[in-house]
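Just below is one structure, and these are the notes that go with it.
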Amino acid sequence: MTRRIVRTSIQLGILTFIVLLLLFFLDNRFRVLPDAIHNALPAHHPGLVITDITLVTCSALNILSNCKLDAAKWHRVDKDLYLSSAWVSHAYIHIQRKRESELTDEDKVIIDVRISRLDPVTSEKDQGHERWEQRPGGIWLKRTSKRHASDSLKAITAVDVLFGADAVEARPSWELKHQPIFLPSPGDRPEAHLSLRRGPAAKVEKPTLRVRKDGKFKILQVADLHLSTGLGICRDAEPPTMHSAKCDADSRTLEFVGSVLDSEKPDLVVLSGDQVNGETAPDAQSAVFKYAELLISRSIPFATIFGNHDDEGSLTRMAMMQLSESLPYSLGVPGPNSVDGVGNYYLEVLSHKPAQHSSALTLYFLDTHGYSPDERNFRGYDWLKKSQVDWFRATSEELKKSTLHNHASHVRMDMAFIHIPLPEYRNAADIVEASGKILESPTAPGFNSGFKQALVDEGVLAVSCGHDHVNDYCALAHSETEKVGDEPKPELWMCYAGGSGFGGYAGYEDPDNSNKGFRRRVRVYEFDMNEARISTWKRVEWGPNKGDTEKRVDEMIIADRGKVVAA
């Protein structure tokens, strides 16, 4: 009986092997397996592969020219390579793409691309037996009709265009071509670069925020980067130049932030609005990738909210948040559809003990919008809406009832981040002199929607904003009814981060230049769960004295034993 079972098993194994071998050869020749099976195999690409790429130019002076090809065959990458800044000229990249299952014997799949004035066979080594096909703009394609070339990780599956000599690619599986596309009459505008994805889209895993083993968690708040499409123009730089005769805004900004990242090694970076300088960012995606790559390359999680300038470029708030969501280490989300704005959400920072699944810290992020919707009655800037305040209160109360909060064996602490300051930031009596400087009147909204009181009611210890670049102080709000000894009880810290980007202002054109000389800066918050303490300090980009850039500027404790304390 046992021998019969063994013999039958061997026969079934041999039969299965023969069937699989036949299927392999048939599929290799005729692709007999259904798409559902192909898409489940790791070697195959669900979706599309690129079979051709070309550049199309047109001119408003030539009525016969057209920047659109046959839509049934070609897909246009909807980015004008002149960034819509040329008087009469336009140029667009077009691609042909097909589903892998629809490829015929005549179709060729692109497996490599070069940008060059010369045939890569003559300009590169080891290309003697290769054949490259030329397209306009110095684009050279290596295409193949070999069966299963579309399954190869060499196959090009998506094409994009990024702009600027400082362009970077932040997406995994994508490759940026550093040689720019050759355009007739390029002019003085950011150069255009092809970016190509090989193989399937990479799956993006979101990191879990957790207190370190030493019981600490560090946040670096970076406010008002004001990045452009291209190098950007420095405004009010102090000093005007650093390592070269020319100041390129974005390069200097990113170098500064990168140096602080390397020295502070934060557990989370909060980008608190105006990352993109809308009016100088005709391709906002290129600007977003510059700060994202800075963080992704260092494996640092980051959370994003928007300011009043972010969506003045080529992308809406929702489009930018969706772009950010697609990137590694990005934790920002659009938030509930029923709540005003884009980017109302919270993040939980868990205890350092994995077995103890509990929250140590809750961080709230809210969208403060842009400009006043009622300029006649409330001039200046927009305000947090009732739906946002209600969402915050409801979320906070719901979290307090959750097991994630109730199982904590330590004192929990909460904090919030916004872009535009609250009206209470204007209260001069609350401003702590030792915390920083006030060099411009806070441009808070004229209408007060009561968010400051909501923060106090829900036990949030601090809120931090950006927006006013040359303010970097903290204000301590006190209770009107409760006292500690003879003094009013401290109830909330309201801080500024200070401007970090050289593409944004850092002074005014006053007759006496009284506000000149502001050094770009960022703010650090360190949470010590052992002591239930919050400390904060700033780091500056430049200083007249040796060691100024390594100093903790205006360091102070703003919470201790889980309570707001005076500095």
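The aromatic ring centres of His226 and Phe502 sit 6.0 Å or more apart.
When atom types are taken as modelled, the side chain of Lys265 and the backbone of Asp262 share a donor-acceptor pair closer than 3.5 angstrom. Tyr425 places a side-chain N or O within donor-acceptor distance of the main-chain N or O of Cys495, the cut-off being under 3.5 Å. Looking only at distances, a side-chain donor or acceptor of Asp548 sits under 3.5 Å from a matching main-chain atom of Asn545. In this structure a side-chain-to-backbone donor-acceptor pair under 3.5 Å is present from Asn530 to Asp214. Remark: side-chain polar atoms of Trp383 are not paired, donor with acceptor, to backbone N or O of Asn448 under 3.5 angstrom. Panel note: side chain Asn471, backbone Glu440; a donor-acceptor pair is recorded below 3.5 Å. With hydrogens and angles disregarded, no donor-acceptor distance shorter than 3.5 Å links the side chain of Ser195 to the backbone of Val161. Of the possible polar contacts, one joining the Arg298 side chain to the Leu294 backbone as a donor-acceptor pair under 3.5 Å is found. Here the side chain of His193 pairs a donor or acceptor atom with the backbone of Lys177 at under 3.5 angstrom. Side-chain N or O atoms of Ser89 include none that pairs as donor or acceptor with a backbone N or O of Ala86 at under 3.5 Å.
For the pair Leu225/Asp250, no side-chain contact is recorded, criterion being any heavy-atom separation below 4.5 Å from C-beta on. Looking at heavy atoms from C-beta onward, Phe306 lies in side-chain contact with Met320 at the 4.5 angstrom threshold. A 4.5 Å side-chain heavy-atom check between Leu196 and Leu176 finds every atom pair outside the cut-off.
One side chain, Thr362 or Arg412, offers a donor N or O that lies under 3.5 Å from an acceptor on the other. No donor-acceptor contact under 3.5 angstrom links the side chains of Asp224 and Gln275, judged on distance only. Inspection of the Asp468 and Thr443 side chains reveals an N or O donor paired with an N or O acceptor under 3.5 Å. Using a 3.5 Å distance cut-off with no hydrogens or angles, the side chains of Gln388 and Asp340 do not pair a donor with an acceptor. Residues Glu526 and Ser535 bring no donor and acceptor atom of their side chains to less than 3.5 Å of each other. Side-chain contact check for Glu480 and His478: no donor-acceptor pair (N or O, by modelled atom type) lies under 3.5 Å. In the model, His309 has no side-chain atom that pairs as donor or acceptor with a side-chain atom of Asn277 under 3.5 Å. Asn308 and His467 form a side-chain donor-acceptor contact under 3.5 Å, judged by distance and modelled atom types alone. Under 3.5 Å, the side chains of Ser286 and Thr229 contain no donor-acceptor pair of N or O atoms.
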Tabulate below the donor-acceptor pairs under 3.5 Å that side-chain atoms of residues 518-525 make, not counting sequence neighbours, or state none.
residue: Arg519; atom: NH1; partner: Trp542; partner atom: O; Å: 3.1
residue: Arg520; atom: NE; partner: Gly501; partner atom: O; Å: 3.1
residue: Arg520; atom: NH1; partner: Arg235; partner atom: O; Å: 3.4
residue: Arg520; atom: NH1; partner: Asp236; partner atom: O; Å: 2.9
residue: Arg520; atom: NH2; partner: Arg235; partner atom: O; Å: 2.7
residue: Arg520; atom: NH2; partner: Gly501; partner atom: O; Å: 3.4
residue: Arg520; atom: NH2; partner: Gly504; partner atom: O; Å: 2.8
residue: Arg521; atom: NE; partner: Arg519; partner atom: O; Å: 2.8
residue: Arg521; atom: NH1; partner: Asp472; partner atom: OD2; Å: 2.6
residue: Arg521; atom: NH2; partner: Arg519; partner atom: O; Å: 3.1
residue: Arg523; atom: NE; partner: Tyr496; partner atom: O; Å: 2.7
residue: Arg523; atom: NH1; partner: Thr536; partner atom: OG1; Å: 3.0
residue: Arg523; atom: NH2; partner: Asp472; partner atom: O; Å: 2.9
residue: Arg523; atom: NH2; partner: Tyr496; partner atom: O; Å: 3.2
residue: Tyr525; atom: OH; partner: Ser464; partner atom: OG; Å: 2.7

Apply side-chain contact (heavy atoms from CB on, under 4.5 Å) to residues Gln285 and Leu323 and explain how you reach the verdict. CA-CA 8 Å; Gln285 182 183 8; Leu323 177 64; 3.8 Å; yes

Which is it for Ser259 and Arg539 under the side-chain hydrogen bond (donor to acceptor under 3.5 Å, both in side chains) test, yes or no, and what are the steps along the way? CA-CA 10 Å; Ser259 68; Arg539 294 284 302 273; 6.0 Å; no

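Considering all non-hydrogen atoms of both residues, Phe163 and Asp80 come closest at CZ-O, 3.7 Å.
Few gaps surround CG on Leu347; more than 12 heavy atoms of other groups in view lie less than 6.0 Å from it. Within 6.0 Å of atom CZ in Arg212, more than 12 heavy atoms from other residues, nucleotides or ligands are found, so the atom counts as buried in its surroundings. Atom NZ of Lys246 sits in a sparse spot, with 12 or fewer heavy atoms from other residues, nucleotides or ligands closer than 6.0 Å. Summarising the local packing, NZ of Lys218 is surrounded by more than 12 heavy atoms from other residues, nucleotides or ligands at distances under 6.0 Å. Heavy-atom neighbours of Glu375 CD from other residues, nucleotides or ligands within 6.0 Å: above the threshold of 12.
Using a 4.0 Å cut-off between charged nitrogen and carboxylate oxygen, Lys452 and Glu491 count as a salt-bridge pair. The residues Asp367 and Arg317 are annotated as salt-bridged, a charged nitrogen and a carboxylate oxygen being separated by less than 4.0 angstrom. Here Arg171 pairs with Asp160 in a salt bridge; the nearest charged N to carboxylate O distance falls below 4.0 Å.
Note that CD1 of Ile418 is 8.0 Å distant from CG of Leu366, once rounded to the nearest 0.5 Å. With rounding to the nearest 0.5 angstrom, the CD atom of Glu175 is 10.5 Å from the CG atom of Leu194. Expressed to the nearest 0.5 Å, how far CD of Glu541 lies from CZ of Phe256 amounts to 6.5 Å.
Note: Tyr346 and Tyr364 have tilted aromatic rings, judged against thresholds of 30 and 60 degrees for the angle between ring planes.
Every residue two or more places apart in sequence or in another chain was checked for a ring-ring contact (aromatic ring centres under 6.0 Å, His included) with Tyr291, and none qualifies. For Cys465, the disulfide bond (SG atoms under 2.5 Å apart) criterion is met by no residue, not counting sequence neighbours.
Paired with Val389 under the rule side-chain contact (heavy atoms from CB on, under 4.5 Å), one option of Arg393, Lys386, Lys385 passes, and it is Arg393. Partner Phe365 forms a ring pair (Phe, Tyr, Trp, His ring centres under 6.0 Å) with one of Phe417, Phe392, Phe302 and no other, that one being Phe417.
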